[in-house]
Student: 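Structure in structure tokens, see below.
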Amino acid sequence: MSLDRDKRLQLVSSDGAPVARASRRARILIVEDDELLMRALRRSISQVHDVTSAVDGQAALELIEAGARFDVVFCDIMMPRLDGIELYEAVRDRFPELSSRFVMMSGAIHTERAQEFLKREKPAFVEKPFYVEILDLLINERLRVVP
């Protein structure tokens, strides 16, 4: 049985309303230290949006401090140097308008620190592994937040 490419998964928002694809190209930042996942995300998202990537929170913070602005930030929680929590907190304190555009990602939220962070800050969150189709929904939800 083959899948018909025109029959895509219909995505719905948390309120059950159908979500259409973004009407414009968004500027997406992917902060991920896993090279294979980074490439897969980049390949999938760059077909529709402009994608920049950073291998850890420090590299991402340097981009943002240099003036780069993004509509959506997909950010891993567990990374070397500056982790996703530290990046989010630095951005929230210095560039508060950007913090609502974060989508945190993790395959392991077993640490008390990560659980407390998610409970306290309530950022958008996706647990790895996830279906690539969920990215459309997450991007569209973040674009609705962006003025």
Student: Name each donor-acceptor pair under 3.5 Å that joins a side chain in residues 80-91 to protein atoms two or more places apart or in another chain, with its distance.
Tutor:
| from | atom 1 | to | atom 2 | distance (Å) |
| --- | --- | --- | --- | --- |
| R81 | NE | D56 | OD2 | 2.7 |
| R81 | NH2 | D56 | OD1 | 3.2 |
| R81 | NH2 | D56 | OD2 | 3.4 |
| D83 | OD1 | I85 | N | 3.0 |
| D83 | OD1 | E86 | N | 2.8 |
| D83 | OD1 | R113 | NH2 | 3.4 |
| D83 | OD2 | R113 | NH1 | 2.7 |
| D83 | OD2 | R113 | NH2 | 3.2 |
| E86 | OE1 | D83 | N | 2.9 |
| E89 | OE2 | R120 | NH2 | 2.9 |

Student: Walk me through whether I64 and F95 qualify under side chain to side chain contact (heavy atoms under 4.5 Å, CB included).
Tutor: CA-CA 9 Å; I64 294 166; F95 309 96; 3.6 Å; yes
Student: May I ask whether V55 and V73 are part of the same hydrophobic cluster, defined by side-chain heavy atoms of I, L, V, M, F, W, Y residues being less than 4.5 angstrom apart, directly or through others?
Tutor: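 The answer is no; the residues belong to distinct hydrophobic clusters.
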Student: Given R69 and R27, is the side chain to side chain contact (heavy atoms under 4.5 Å, CB included) satisfied, shown in steps?
Tutor: CA-CA 8 Å; R69 291 297 175 262; R27 297 162 299 171; 3.9 Å; yes
Student: State whether the side chain of R142 and the backbone N or O of S100 hold a donor-acceptor pair below 3.5 Å, judged by distance alone.
Tutor: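 Yes, because the side chain of R142 sits within donor-acceptor range (under 3.5 Å) of the backbone of S100.
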Student: Assess the residue pair M105 and L41 against the criterion (side chain to side chain contact (heavy atoms under 4.5 Å, CB included)); give the C-alpha distance rounded to whole Å, side-chain angles, the decisive distance to 0.1 Å, and a yes or no.
Tutor: CA-CA 12 Å; M105 307 181 299; L41 291 173; 4.1 Å; yes
Student: Under the side chain to side chain donor-acceptor pair (under 3.5 Å) test, which residues partner S106, sequence neighbours left out?
Tutor: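 Counting only residues at least two positions away or on another chain, S106 forms no side chain to side chain donor-acceptor pair (under 3.5 Å).
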Student: Can you tell me which residue pairs pass the side chain to side chain donor-acceptor pair (under 3.5 Å) test with a partner in residues 28-41, sequence neighbours excluded?
Tutor: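 Checked against side chain to side chain donor-acceptor pair (under 3.5 Å) - neighbours excluded - the pairs reaching residues 28-41 are E32-K128.
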Student: Going by the rule side chain to side chain contact (heavy atoms under 4.5 Å, CB included), which residues pair with S44 if we only count those two or more places apart in sequence or in a different chain?
Tutor: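 So S44 forms a side chain to side chain contact (heavy atoms under 4.5 Å, CB included) with V132, L135.
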Student: For A26 and D71, which heavy atoms make the closest approach, and how far apart are they?
Tutor: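 The answer is CA-OD2, 3.4 Å.
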Student: What residues form a side chain to side chain donor-acceptor pair (under 3.5 Å) with E127, not counting sequence neighbours?
Tutor: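 Residues passing side chain to side chain donor-acceptor pair (under 3.5 Å) with E127: none at all.
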Student: Considering only heavy atoms from C-beta outward, does the side chain of L138 approach that of V72 to under 4.5 Å?
Tutor: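 Side chain of L138 against side chain of V72, heavy atoms only: no contact under 4.5 Å found.
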Student: Check side chain to side chain donor-acceptor pair (under 3.5 Å) between E121 and all other residues, then give those that pass, not counting sequence neighbours.
Tutor: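 So E121 forms a side chain to side chain donor-acceptor pair (under 3.5 Å) with R92.
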Student: I need the E141 CD to I139 CD1 distance, nearest 0.5 Å.
Tutor: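 Output value for this atom pair is 11.0 Å.
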Student: Taking all atoms of both residues into account, what is the closest heavy-atom pair of L29 and A60, and its distance?
Tutor: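 Smallest heavy-atom distance, with atoms named: CD2-CB, 4.0 Å.
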Student: May I ask you to test the F70-T52 pair for a side-chain heavy-atom distance under 4.5 Å?
Tutor: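 With C-beta onward as the side chain, the pair touches.
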Student: With side chain to side chain contact (heavy atoms under 4.5 Å, CB included) as the test, would you mind laying out the steps for F74 and I28 before giving the verdict?
Tutor: CA-CA 8 Å; F74 287 103; I28 310 291; 3.7 Å; yes
Student: Rounded to the nearest 0.5 Å, how far does CZ of F102 lie from CZ of F125?
Tutor: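 Answer for the CZ-CZ pair, F125 versus F102, is 14.5 Å.
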Student: Name all residues meeting the side chain to side chain donor-acceptor pair (under 3.5 Å) criterion together with E97; count only those two or more places apart in sequence or in a different chain, and write none if there are none.
Tutor: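 Expected list: none.
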Student: Looking at D76 and M104, what are the two nearest heavy atoms and their distance?
Tutor: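 Where D76 meets M104 most closely, the heavy atoms are O-CE, 4.4 Å.
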Student: Residues two or more places apart in sequence or in another chain: which of them pass salt bridge (charged side-chain N to carboxylate O under 4.0 Å, His left out) with E65?
Tutor: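 Partners of E65 by the salt bridge (charged side-chain N to carboxylate O under 4.0 Å, His left out) criterion, ordered by chain and then number, come out as R94.
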Student: Among residues at least two apart in sequence or on other chains, which ones pass side chain to side chain contact (heavy atoms under 4.5 Å, CB included) with A40?
Tutor: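 R43.
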